[in-house]
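Heads up, the thing below is written out as structure tokens.
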Amino acid sequence: MGGKVLVINAGSSSMKWSLFSKNDFSIVASGIAERVGIEGSFLKINFEGSEIKKEIKLNDHKAAAIETLKLWQKHKIVKKINEVELIGFRVVHGGEYFNDSIKIDSKVIELIGECSKFAPLHNPGALQAINAMLDILPNAKMSATFDTAFHTTIPSINSQYGINREFAQKWGIKKYGMHGISHKFITLKLQEILNKNSVNFVNLHIGNGASLCAVKDSKSFDTSMGFTPLAGIMMGTRSGDIDPAIHEYATEVAGMSLKEFTNLLNKNSGLLGVSGISSDMRDLVKRYKENDENAIFTLNLYAQKIVDYLANYINKVGKKIDALVFTAGIGENSSFIRELVIEKLDLPNLNIELDQNKNNISPSEIKDYLLISSNNSQIPVYVIRTNEELLIAQDAVKLYE
Ligand code: ADP
């Protein structure tokens, strides 16, 4: 068996992984350790079309990694653990330190730790996973790929907020953006599809978390998430942009603690909080089609928030715009939402139109990408499947070539 590349995406209580063959980047297996450090932890592995599940006590990320590797050997996913030549870690926040993927060393570890203040729910999990793998597989070559890196090209005219500059600079308050790994993956894929070295487009990454990115000359020029992933469009459970003074009203008048209100914005707003029905788009589209007024309002609000950014970003990308791209769970799978969004766009002198037949092609028939706009559309519209893990694996290999 040849060399393998392991990609790890660790959260505070979970560790998701994908194992790639180094030769051709085909997936060997993938899986997750869930409820790490919490009662009821378990491992799940997808291998050769079947699912292996094991309930087991996992005190920390190291235990999760050790037990996962044992399971690999038991099920002959690898012959020997040292087949894992490279490990690429997804790290949410790289602050201003990292504008690309990087080989991991002690300095990189220290800086990832420093950025934990910006992503207290995410960076510590990544660090725990990195330290665990350094202990378990000290000979593997390790790299970090950051969600923020792609957005380090955003000019300050787009990344700076209109708040006191001295305060903002002292505390590092600016737009960092998220989903950069996906926005970069789509940028490279669009270059390939259009056979161009440099592309200009708006990427709509709409999954449970969601962000738009205006890409100019293949670089991030603006994005809808901000200092945190709470900003921008409305999401599955996150509110997106709101008036910042509502915080004070929520605490002073509505009697919530700041933590409770922040929690409401993160966990009980968006599709879930507005509809009171579900955060899952499939449930809401079903209710919409049954004429449920609540679902109709929620999805129209959702689409409007997207369109507000989309129109702005089409303008930002400017006349050289090559395409609009829909990606991630909703973008790739919901023809209904794509149609609702494009329908609401009404830009003077610019006709953007979907081909209904193409837009309605079943997601299972979309392999890598599909052009869904009509011949009359002045900007082509694509669905492109994102693959963040693949980009992390490819970057790991590239760094050590
Ligand atoms: P995450 O941000 O957690 O990675 P995903 O990109 O996996 O999220 O997207 C999850 C969202 O995609 C959910 O709202 C889910 O309902 C939606 N989704 C997945 N499949 C479909 C589908 N066939 N039709 C509509 N929505 C879908």
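Note that ligands are numbered from 1 as they come in the structure, with each ligand's atoms numbered from 1 the same way. We use all heavy atoms of the structure for the numbers below, so side chains are in, but hydrogens, waters and symmetry mates are not.
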Would you say Lys358 has more than 12 foreign heavy atoms packed within less than 6.0 Å of its NZ? yes

Under 4.0 Å from a heavy atom of Arg282: give me the atoms of ligand 1 that qualify, with their elements. 15 (C), 16 (O), 19 (C), 20 (N), 21 (C), 22 (C), 24 (N), 25 (C), 26 (N), 27 (C)

Single hit among Thr187, Asn387, Thr386, Thr327 for side chain to side chain donor-acceptor pair (under 3.5 Å) with Ser182: Thr386

So, Arg282 and Asp280, do they make that salt bridge, N to O below 4.0 Å? yes

Heavy-atom proximity to atom 17 (C) of ligand 1, picking from Asp283, Ile206, Ile330, points to Ile330

Polar contacts were defined as any N/O atom of the residue lying under 3.5 Å from an N/O atom of the ligand; does this apply to Ser334 and ligand 1? no

Looking at Phe150, does the NZ or CZ of Lys184 lie under 6.0 angstrom from its six-membered ring centre and within 45 degrees of the ring axis? no

Taking NZ, NE, NH1 and NH2 as the nitrogens, is one of them in Asp395 or Lys398 under 4.0 Å from a carboxylate oxygen of the other? yes

May I ask you to check whether over 12 heavy atoms, not counting those of Lys22, lie within 6.0 Å of atom NZ? no

Who's closest to atom 20 (N) of ligand 1 heavy-atom-wise, of Asn333, Leu284, Asp280? Asn333

Does Pro363 reach ligand 1 with a nitrogen or oxygen that is under 3.5 Å from one of the ligand's nitrogen or oxygen atoms? no

for atom 3 (O) of ligand 1, nearest protein heavy atom and its distance come out as Asn208 CB, 3.5 Å

To the nearest 0.1 Å, how far is atom 7 (O) of ligand 1 from its closest protein heavy atom, and which atom is that? Gly329 CA, 4.4 Å

Looking only at protein heavy atoms, identify the closest one to atom 26 (N) of ligand 1 and say how far it is in Å. Met281 CB, 3.6 Å

Atom 12 (O) of ligand 1 touched by protein (heavy atom, under 4.0 Å): yes

Please determine if Gly207 has a nitrogen or oxygen closer than 3.5 Å to a nitrogen or oxygen of ligand 1. no

Look at Lys189 together with Glu192 and state whether they make a salt bridge at an N to O cut-off of under 4.0 Å. yes

Return yes when Val285 approaches ligand 1 closer than 4.0 angstrom through a heavy atom, no otherwise. no

Below 3.5 angstrom, do we get any N/O pair linking Gly209 and ligand 1? yes

Can you tell me how the ring of His183 sits relative to the ring of His179, calling it parallel under 30°, perpendicular over 60° and tilted otherwise? perpendicular

